[in-house]
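Inspection log for the structure reproduced underneath, given as structure tokens.
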Protein chains: 2
Amino acid sequence: MSKDKNRVPEPVARRMPKYYGFLTEMDKNGIKRVSSKQLSETMGLTASQIRQDFNSFGGFGQQGYGYNVSELRQEIKKILGLHRSHDLVVVGAGNLGRALTNYSGFEKEGFYVRALFDVDPQLIGAQIKGIEILPWESIKEYTSNNSIDIAVICTPKDKCRQVATILMDCGIRNIWNFSPSSISAPPGVMVENVNLNDSLFTLSFRLNETAILDSKE
Amino acid sequence: MSKDKNRVPEPVARRMPKYYGFLTEMDKNGIKRVSSKQLSETMGLTASQIRQDFNSFGGFGQQGYGYNVSELRQEIKKILGLHRSHDLVVVGAGNLGRALTNYSGFEKEGFYVRALFDVDPQLIGAQIKGIEILPWESIKEYTSNNSIDIAVICTPKDKCRQVATILMDCGIRNIWNFSPSSISAPPGVMVENVNLNDSLFTLSFRLNETAILDSKE
DNA sequence: TAGATTGTTAATCGATTAACAATC
DNA sequence: TAGATTGTTAATCGATTAACAATC
């Protein structure tokens with residue numbers, strides 16, 4: 001089992017997808033080379049930080065030249081694990097679960113929703129983009145017959161923990177959690193939380209903070 | 001205009017909604033008092049950090065006692081600006097825009113979607129939960145007749161920047177951006193980005209990292 | 001070669017943690 | 001009062017930034 005001290009720091013991990021996005025854009029626009037200085041200007045980071053980040057994975061650049069956009073993009077693509085495809089299941093076929101399944105952006109990077117699960121008998125048997133909604137009771141059977149990399153939790157808040165426990169019991173090691181309830185993950189299980197409530201409330205906090213600060217001046 | 005140095009640090013701002021969530025839960029369960037030590041155990045933070053966080057807004061506790069759950073919750077609710085209601089518009093009535101509009105969780109905290117906007121003539125005139133989808137061309141007119149606090153961007157990637165510019169032009173100061181493209185905000189405009197691609201890729205990165213680290217041992 | 005820009009070490013900054021006096 | 005726990009200052013830790021030798 002991997003130790004925590006070997007892990008890349010969280011801030012670096014969060015910037016890697018950003019680099020990938022910008023490099024993909026540049027590559028698409030036919031840009032061949034880029035310096036950390038140039039990248040820093042488009043991305044709003046410091047050149048120093050960018051070089052530090054890249055160097056925690058190895059030297060991808062060349063002194064006096066900079067970085068080859070296409071090469072660097074390929075390296076980061078591999079670092080992010082996007083060189084291989086991933087199989088997903090979505091648990092909870094409500095509004096959000098269906099919206100995520102319908103979104104084509106993930107497929108473009110090799111993330112495929114293979115099935116949805118729900119407890120509502122009305123939904124079972126229906127299809128989203130040709131992907132079937134299966135009864136939640138059959139999750140164990142399904143995962144023992146199909147190799148699944150990531151489970152996406154789109155259930156109501158109160159079902160989240162219980163669902164997570166069952167998923168881990170089914171051998172799922174990676175969870176993308178959209179329920180506004182955090183999951184305590186045992187070692188070896190990775191949880192990425194997307195808490196939309198928290199996100200909206202942070203915006204509201206800043207909005208409110210500005211109003212207070214401004215009124216004080 | 002408020003200065004940046006007066007702003008609460010980002011990590012603190014991100015933890016406030018978490019506190020609110022846990023305190024709401026405790027309050028609902030009838031818990032009357034809580035110490036920073038107890039909170040630290042349920043939330044997975046240090047007691048010291050919790051006290052520091054609360055104290056950046058003023059002393060809400062009492063020596064020897066701890067914090068009154070309901071009182072503290074009310075204080076944080078105010079800090080987050082949740083004591084007043086917010087009016088929202090959703091731009092882009094696709095899967096995600098409709099899913100967010102349908103989600104009832106935001107209304108519970110006083111965030112109301114007042115209208116959706118889209119360019120697709122097929123969608124215009126339809127309703128989501130009784131909320132009308134209006135033509136994007138009418139955004140300027142709409143915002144001059146209706147006071148809107150937050151705009152939610154749910155358009156495709158390539159439309160995001162252009163939409164953001166128009167929204168700011170309409171006087172919108174707060175943007176909740178779900179498009180996988182970051183928005184450069186001029187001073188005075190607040191942007192909260194929810195980049196689902198980045199989130200999924202970070203999970204994929206950790207998943208891949210674990211595999212690599214484990215294979216090395 | 002001269003200029004540019006990396007990779008990397010050292011300095012700085014900011015956030016977290018520890019410690020403890022104040023006080024309920 | 002004695003025990004508990006805050007509010008707050010000081011110490012530590014980690015991440016960012018600056019600097020510069022290496023080298024393309």
Side-chain angles (χ1 to χ4, degrees), chain A residues 3-19 22-23 26 31-76 79 202 205 209, chain B residues 3-19 22-23 26 31-76 79 202 205 209:
Chain A
K3 285 166 212 105
D4 265 13
K5 60 177 172 181
N6 293 324
R7 291 179 92 218
V8 166
E10 193 62 16
V12 181
R14 299 265 157 218
R15 282 191 295 269
M16 296 316 287
K18 297 268 174 225
Y19 293 130
F22 276 89
L23 289 166
M26 287 178 173
I31 297 168
K32 297 278 178 245
R33 59 179 272 198
V34 70
S35 69
S36 58
K37 177 115 187 298
Q38 288 171 308
L39 249 187
S40 79
E41 279 154 11
T42 25
M43 294 187 64
L45 305 170
T46 64
S48 201
Q49 182 168 67
I50 291 171
R51 292 203 300 279
Q52 289 274 26
D53 284 352
F54 292 167
N55 270 78
S56 53
F57 300 99
F60 303 136
Q62 204 167 22
Q63 280 104 327
Y65 176 85
Y67 302 87
N68 177 300
V69 170
S70 159
E71 260 177 40
L72 182 58
R73 178 178 173 274
Q74 283 305 319
E75 291 292 346
I76 294 178
I79 289 165
T202 305
F205 167 68
E209 182 188 31
Chain B
K3 285 166 212 102
D4 265 12
K5 60 177 174 181
N6 294 323
R7 292 179 92 219
V8 166
E10 193 62 17
V12 180
R14 299 264 158 219
R15 281 191 296 268
M16 295 317 287
K18 298 268 172 224
Y19 293 130
F22 276 89
L23 289 166
M26 286 177 172
I31 297 168
K32 298 279 178 243
R33 60 179 271 198
V34 70
S35 69
S36 58
K37 176 114 186 298
Q38 289 172 307
L39 249 187
S40 79
E41 279 155 10
T42 24
M43 294 186 66
L45 305 170
T46 64
S48 201
Q49 181 168 67
I50 291 171
R51 292 203 300 278
Q52 290 274 27
D53 284 352
F54 292 168
N55 270 77
S56 53
F57 300 98
F60 303 135
Q62 205 167 20
Q63 280 104 326
Y65 176 85
Y67 301 88
N68 178 300
V69 171
S70 159
E71 260 177 40
L72 181 59
R73 179 178 172 274
Q74 283 305 320
E75 291 292 347
I76 294 178
I79 289 164
T202 305
F205 167 67
E209 184 187 29

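Proteins get letters first, then strands, A, B, ... in listed order; numbering begins at 1 in each. Side-chain atoms are counted along with the backbone in the values below, which use heavy atoms only and exclude waters and symmetry mates.
Residues that satisfy the side-chain contact (heavy atoms from CB on, under 4.5 Å) test with A:Gln38, not counting sequence neighbours, are A:Val34, A:Ser35. Not counting sequence neighbours, the partners of A:Ser48 by the side-chain contact (heavy atoms from CB on, under 4.5 Å) test are A:Thr46. Residues satisfying the salt bridge (charged side-chain N to carboxylate O under 4.0 Å, His left out) test with A:Lys37, not counting sequence neighbours, are A:Glu41. Annotation: side-chain hydrogen bond (donor to acceptor under 3.5 Å, both in side chains) contacts of A:Ser36 (sequence neighbours excluded): A:Arg51. Residues passing the side-chain contact (heavy atoms from CB on, under 4.5 Å) test with B:Ser70 are B:Asp27, B:Asn68, sequence neighbours excluded. For B:Arg33, the side-chain contact (heavy atoms from CB on, under 4.5 Å) criterion is met by B:Tyr65, not counting sequence neighbours. A search for salt bridge (charged side-chain N to carboxylate O under 4.0 Å, His left out) contacts involving A:Glu71 returns nothing, not counting sequence neighbours. Residues meeting the ring-ring contact (aromatic ring centres under 6.0 Å, His included) test with A:Tyr19, sequence neighbours left out: A:Phe54.
Across the protein-nucleic acid pair, B:Phe54 atom CZ and D:dT8 atom P stand 15 Å apart, rounded to whole Å. Atom CG in A:Asp53 sits roughly 14 Å away from atom P in C:dT8 (whole-Å rounding). Whole-Å rounding puts the B:Ile50 CD1 to C:dA18 P distance at 13 Å. One atom, CZ of B:Phe60, and another, P of D:dT6, lie 14 Å apart when rounded to the nearest Å. At whole-Å resolution of the value, CG in A:Asn68 and C1' in C:dT5 are 15 Å apart. Distance B:Asn55 CG to D:dT6 C1': 8 Å, rounded to the nearest Å. One can place NZ of A:Lys37 at 11 Å from P of C:dA4, the figure rounded to the nearest angstrom. Here the C1' atom of nucleotide C:dT6 and the CZ atom of A:Phe57 are 18 Å apart, to the nearest Å.
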Notebook entry, point to check: Under a cut-off of 3.5 Å for both distances of each Watson-Crick or G-U pair, what dot-bracket string does DNA chain C give, using [ ] for crossing pairs and | for inter-strand pairs?
Noted result: ..||||||||||||||||||||||
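For residues 56-69 of chain A, no residue pair satisfies the salt bridge (charged side-chain N to carboxylate O under 4.0 Å, His left out) rule, not counting sequence neighbours.
Counting non-hydrogen atoms under 4.0 angstrom, A:Tyr67 reaches the backbone sugars and phosphates but no base.
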Notebook entry, point to check: In the 5'-to-3' direction, what one-character label does each nucleotide of nucleotides 19-24 of chain D receive under the scheme B = base within less than 4.0 Å of a protein heavy atom, S = sugar-phosphate only, - = no such atom?
Noted result: BB-BBB
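At distances below 3.5 Å, at least one donor-acceptor pair connects side-chain atoms of A:Glu209 with backbone N or O atoms of B:Val8. Judged purely by atom type and a 3.5 angstrom limit, B:Glu75 has no side-chain atom pairing as donor or acceptor with the backbone of B:Phe60.
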What are the atom names and distances for every N/O pair under 3.5 Å that joins the protein to nucleotides 10-15 of chain C?
none

